[in-house]
Amino acid sequence: MGDTGRARHRRVADASPASSRQEPTPMPRLALYALVVCALAVVAAVLSFTQGSWLGVVWVLLAGLSSNMAWFYLRRAKLRRDAAHAAGSTD
């Protein structure tokens, strides 16, 4: 069957801190989805405003909300990764 991505996460998490080469951690899935929604909302806002519709204001608000969500999920993943690294280095 296909790789669900969990094995890749385990390989990155199980890597020893002393290894000279570390794999980059993947972007959190919810952050990626939020960035896609943000980009689509910006495109929809531009199209709405060019067609003279005030509905673009709603798209701008949605773009702002989704960009904040993406920032939040990225920041949360970074804090968790740093906390796990700090806990692993003290043992």
Q: Tell me whether V36 is reachable from Y33 by hopping between hydrophobic residues (I, L, V, M, F, W, Y) whose side-chain heavy atoms are closer than 4.5 Å.
A: no
**Q.** Shortest non-hydrogen separation from C38 to A63 and the atoms involved
**A.** SG-O, 3.5 Å
Q.
When you compare the side chain of L74 with that of K78, does any pair of heavy atoms fall below 4.5 Å?
A. no
(Q) I need the minimum non-hydrogen distance between V57 and F49, along with the two atoms involved. (A) N-CZ, 3.6 Å
Q | Transitive ILVMFWY side-chain link V60 to L47, under 4.5 Å | A | no
Q. Under the criterion side-chain contact (heavy atoms from CB on, under 4.5 Å), which of L32, L30, N68 is the partner of Y73?
A. L30
Q: Look at the side-chain heavy atoms of Ile, Leu, Val, Met, Phe, Trp and Tyr, link any pair under 4.5 Å apart, and say whether W71 and M69 land in one connected group.
A: yes
Q | Sub-4.5 Å side-chain heavy-atom contact between W59 and L40 | A | no
Q: Indicate yes or no: at least one non-hydrogen side-chain atom of L35 is less than 4.5 angstrom from one of M27.
A: yes
